[in-house]
Amino acid sequence: MADNLFSNDVPIDKSYDASSIQVLEDMEHVRLRPGMYIGGTDDRALHHMVAEIIDNSMDEAVAGHATWIEVELHENFHVTVRDNGRGIPVDMHPKFPNKSALEIIFCTLNAGGKFSGENYETSGGLHGVGSSVVNALSDFVRVEVAKNRELFALEFSRGLPQSKLQKLGAVQNRRGTSVTFHPDPEIFGKSINFKAKRLYAMAKSKAYLFSGVEIRWKVDPKCLEQNDETPLTDTFRFPNGLADYLNERLDGASVYSEIPFAGKVQFSEKFGNNTIGNIEWAINWTPSRDSFTQSYCNTVPTPEGGTHESGFWSAILKGIKSYGELINNKKSASITRDDVMGGGCALVSCFISEPKFVGQTKDRLATTEAIKWVENSVRDHFDNWLASNNKSAGAILDYMILKAEERLRRKQEKDTARKSATKKLRLPGKLTDCSNNTREGTELFIVEGDSAGGSAKMARDRKTQALLPLRGKILNVLGAASNKMSANNEINDLCQALGVQTGTKFNIDDLRYEKIIIMTDADVDGAHIASLLMTFFFTQMRPLIDNGHLYMACPPLFRLTQGANRVYCMDDLEKNDLIEKGLGGRGRIDISRFKGLGEMDAKDLKETTMNKATRQLIQINIDEDEPGQTDDLVDRLMGKKPELRFQYIQENAKFAEDLDI
């Protein structure tokens with residue numbers, strides 16, 4: 001490359017011209033970048049495909065056109081979703097006279113009947129991509145439509161129709177749509193299949209969200225995993241909606257109110273007939289369970305919350321503080337949203353017209369008006385509920401004041417002076433602290449050994465990034481005696497660096513860093529150390545995970561160099577692909593394999609793993625769709641009973657690929 005960018009002797013590059021620009025068809029793009037549409041190719045993304053199809057049927061039910069939905073998992077792990085709605089249109093589309101509307105819907109992105117608002121006042125499917133994405137990522141799709149007493153069918157594979165629309169003849173007493181599909185192993189891998197337990201929970205939760213629909217469940221017994229007690233058939237109908245759901249979730253727990261605060265309000269009651277939609281909620285407080293908030297918009301789960309959650313908690317906070325003022329309890333003025341949410345178990349479901357979500361997977365609602373709609377709709381009802389339930393209201397207020405006092409006391413006691421914390425940590429695990437005096441924006445890298453710590457020390461941002469090298473593998477805390485844990489140097493170093501204690505004494509407010517990042521070698525030993533650390537955090541500091549503070553670093557395995565060009569690869573597949581395509585430089589491609597973090601120089605480590613602008617991090621979270629399953633899996637794999645590990649290996653060995661032995 002010329003030293004002077006403005007000189008005239010720059011060589012002409014003919015390798016990058018118009019022919020290098022690819023234009024992908026809709027289905028090709030979905031298959032190439034599934035993460036843009038369903039969030040990845042993991043287990044969660046796989047089951048999200050079923051949710052997309054169920055949501056279409058739910059939209060028919062909410063609009064008043066369907067009364068039941070069937071979800072069936074077949075022996076070959078195909079899934080069928082049926083409803084008795086109006087049926088997808090099958091006539092020829094006016095814009096594409098040679099294609100049926102059914103084919104357009106399943107083969108074209110941004111095609112559907114929910115854009116104008118004329119067919120559905122509220123709907124979960126908004127972007128017109130759900131059905132087409134499921135089609136693109138499946139090796140088999142069959143759609144049957146019973147409409148106007150005639151039955152039609154069309155089959156697809158990997159986004160392409162396998163024939164013209166078939167007219168199968170007359171049918172009596174049948175209407176609606178049936179979609180059967182099987183995820184493509186080329187996208188999701190051969191070892192991943194639908195889990196009956198997860199689909200069962202999904203179907204059940206949908207029935208809670210709309211009391212006017214009956215959802216029927218069926219699964220072939222061959223699809224059940226060992227010890228899976230999922231019913232083979234079941235029928236869900238919950239006339240009390242979210243109140244029934246909350247009572248089931250809190251069954252057996254001690255609560256501050258015998259009857260939860262629950263209700264359903266049409267937005268038009270508060271904002272006039274032009275405001276379409278409603279809000280339904282159910283909430284109670286308990287000292288015996290971890291708090292949770294599950295929210296939905298148009299029956300679509302929003303695990304990251306959004307504006308409807310903000311409006312709901314604002315109404316609850318203002319309502320409880322107003323009640324405190326009403327009864328002349330001056331301590332209520334110190335209550336914050338965190339105090340209200342602590343111990344609160346809430347379910348919130350809204351239906352709104354034209355909602356705005358963040359991303360295709362709709363994890364967070366972004367409709368700004370929802371804050372006002374939800375807050376004003378819930379607030380009056382909460383004020384009335386508190387006034388008419390003095391015993392429950394008093395118990396809840398006392399509980400929140402107690403939480404507020406405890407929070408303020410901890411804040412006063414908290415000593416976050418990093419200088420004194422560093423002195424305490426001059427132990428076998430040496431803390432190299434950052435210079436920031438507040439938690440915001442800071443990160444603690446837990447690294448494997450002093451050699452990796454040396455490279456990381458030179459690669460870090462001194463202002464925001466701290467390092468804690470661990471020597472060897474920490475104690476497996478699952479089943480370990482408390483005195484053994486308290487005597488373990490590595491665990492003591494880790495707790496002191498984080499500024500917290502373990503178990504019931506853990507308090508998230510004491511955490512000294514915003515992100516805790518596990519950074520180990522990309523080999524078997526590194527994976528084992530990471531597993532031990534995650535077991536420690538899961539069993540001893542669970543709120544740290546629940547609040548999104550725990551991450552895994554993703555150091556590369558390879559560095560490819562060709563002339564002045566240098567790239568990094570996460571695995572053999574990416575390496576081989578880049579070698580085949582070339583790096584755009586001259587000469588041969590040099591390949592360096594990093595056996596450990598200690599072998600990476602500071603420049604490599606900073607660019608690939610520590611620089612916030614260029615690195616990749618994996619956030620460690622817990623799948624709330626299947627409560628209790630994570631606890632069971634951790635106990636089986638990390639507990640004291642080797643026979644459970646052996647059993648797990650026997651059951652899952654057939655799914656193992658690319659073993660690093």
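None of these values were measured; they are calculated from a predicted model. Note: hydrogens, waters and symmetry copies are ignored here, and every other heavy atom, side chains too, is used.
Using modelled atom types, no side-chain atom of Asp55 and backbone atom of Val300 make a donor-acceptor pair closer than 3.5 Å. Checking side-chain atoms of Thr520 against main-chain N and O of Glu448 turns up no donor-acceptor pair under 3.5 Å. When atom types are taken as modelled, the side chain of Thr302 and the backbone of Ser295 share a donor-acceptor pair closer than 3.5 angstrom. A donor-acceptor pair under 3.5 Å links the side-chain atoms of Arg645 to the main chain of Leu637, judged by distance alone.
Between atom OG1 of residue Thr230 and atom CZ of residue Arg198 there is a gap of 13.0 Å, rounded to the nearest 0.5 Å. Rounding to the nearest 0.5 Å gives a distance of 10.0 Å between CG of Leu444 and CE of Met519. In this structure, CG in Leu578 is found 10.5 Å from CD1 in Ile591, a value given to the nearest 0.5 Å. Taken from CG in Leu468 to CD1 in Ile517, the straight-line distance is 13.0 Å, to the nearest 0.5 Å. One finds the CG atom of Leu583 at 4.0 Å from the CD1 atom of Ile589 (value rounded to the nearest 0.5 Å). Atom CD of residue Glu309 and atom OH of residue Tyr296 lie 10.5 Å apart, to the nearest 0.5 angstrom.
Other residues, nucleotides and ligands place more than 12 heavy atoms under 6.0 Å from the NZ atom of Lys612. More than 12 heavy-atom neighbours from other residues, nucleotides or ligands sit within 6.0 angstrom of CD on Gln619. Within 6.0 Å of NZ in Lys575 there are more than 12 heavy atoms belonging to other residues, nucleotides or ligands. Within a 6.0 Å radius of CG in Asp290, other residues, nucleotides and ligands contribute 12 heavy atoms or fewer. In Arg636, the CZ atom is crowded: over 12 heavy atoms of neighbouring residues, nucleotides or ligands sit closer than 6.0 Å. The neighbour count for Glu580 CD, taken as heavy atoms of other residues, nucleotides or ligands under 6.0 Å away, does not exceed 12.
Taking the side chain as every heavy atom from C-beta outward, Pro555 and Phe594 never approach each other to under 4.5 Å. Two residues are said to be in side-chain contact when any heavy atoms from C-beta on lie closer than 4.5 Å; Met534 and Ile518 meet this criterion. The shortest side-chain heavy-atom distance between Met202 and Ile54 falls under the 4.5 Å cut-off. With contacts defined as side-chain heavy-atom distances shorter than 4.5 Å, the pair Glu514/Asn436 does not qualify. Side chains of Asp139 and Arg158 form a contact here, defined as non-hydrogen atoms less than 4.5 Å apart. Taking 4.5 Å as the limit, every side-chain heavy atom of Leu573 sits out of range of all side-chain heavy atoms of Asp577. Within the 4.5 Å cutoff, the side chain of Val79 has no heavy atoms near those of the Met49 side chain. With contacts defined as side-chain heavy-atom distances shorter than 4.5 Å, the pair Tyr551/Ile620 does not qualify.
Nearest approach of Pro556 to Thr609, heavy atoms of both residues: CD-OG1, 4.0 Å. Between Ser138 and Val134 the shortest heavy-atom distance is OG-O, 2.6 Å. Minimum interatomic distance between Gln496 and Arg512 (heavy atoms only, all atoms of both residues): O-CD, 4.5 Å. Summarising the geometry of Ile38 relative to Ala45, their closest heavy-atom pair is O-CB, 3.4 Å, with the distance given to 0.1 Å. Looking at every heavy atom in both residues, Ala466 comes nearest to Arg460 through CA-NH1, 4.5 Å. Nearest heavy atoms, Asp572 versus Phe558: OD1-CZ, 3.3 Å.
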What verdict does the side-chain contact (heavy atoms from CB on, under 4.5 Å) test give for Tyr200 and Leu73, after you've listed the backbone C-alpha separation in whole Å, the side-chain angles of each residue and the deciding distance to 0.1 Å? CA-CA 10 Å; Tyr200 179 82; Leu73 181 58; over 6 Å; no

From CA spacing to verdict: side-chain contact (heavy atoms from CB on, under 4.5 Å), Leu137, Asp184: CA-CA 6 Å; Leu137 302 179; Asp184 190 355; 5.7 Å; no

Thr614 vs Thr608, side-chain contact (heavy atoms from CB on, under 4.5 Å): CA-CA, chis, key distance, verdict: CA-CA 6 Å; Thr614 57; Thr608 63; over 6 Å; no

Run the salt bridge (charged side-chain N to carboxylate O under 4.0 Å, His left out) test on Arg31 and Glu186 for me, step by step, so that the C-alpha distance in whole Å, both residues' side-chain angles and the decisive distance to 0.1 Å come before the verdict. CA-CA 9 Å; Arg31 291 180 63 80; Glu186 290 182 7; 3.2 Å; yes

Steps toward side-chain contact (heavy atoms from CB on, under 4.5 Å) verdict (His47, Asp43): CA-CA 6 Å; His47 290 82; Asp43 193 64; 3.3 Å; yes

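Between Arg566 and Asp604, at least one side-chain N (NZ, or NE/NH1/NH2) sits under 4.0 Å from a carboxylate O, which counts as a salt bridge. Here Asp461 does not pair with Arg615 in a salt bridge; the nearest charged N to carboxylate O distance is not below 4.0 Å. Between Glu225 and Lys197 there is no salt bridge, since no side-chain N of the basic residue sits under 4.0 Å from a carboxylate O of the acidic one.
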Using atom types as modelled, flag every donor-acceptor pair under 3.5 Å from a side chain in residues 499-508 to any protein atom, sequence neighbours excluded.
| unit_1 | atom_1 | unit_2 | atom_2 | d |
| --- | --- | --- | --- | --- |
| Asn507 | OD1 | Asp509 | N | 2.8 |

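Legend: salt bridge (charged side-chain N to carboxylate O under 4.0 Å, His left out) pairs involving residues 525-537, not counting sequence neighbours, sorted by first then second residue: Lys473-Asp525.
Side-chain contact check for Tyr513 and Asp433: at least one donor-acceptor pair (N or O, by modelled atom type) lies under 3.5 Å. Counting only N and O atoms by type, the side chains of Asn547 and His549 include no donor and acceptor under 3.5 Å apart.
Considering only residues two or more places apart in sequence or on other chains, Tyr568 meets the ring pair (Phe, Tyr, Trp, His ring centres under 6.0 Å) condition with none of them.
A perpendicular orientation is assigned to the rings of Phe181 and Phe194, their planes being inclined by more than 60° (bins at 30° and 60°).
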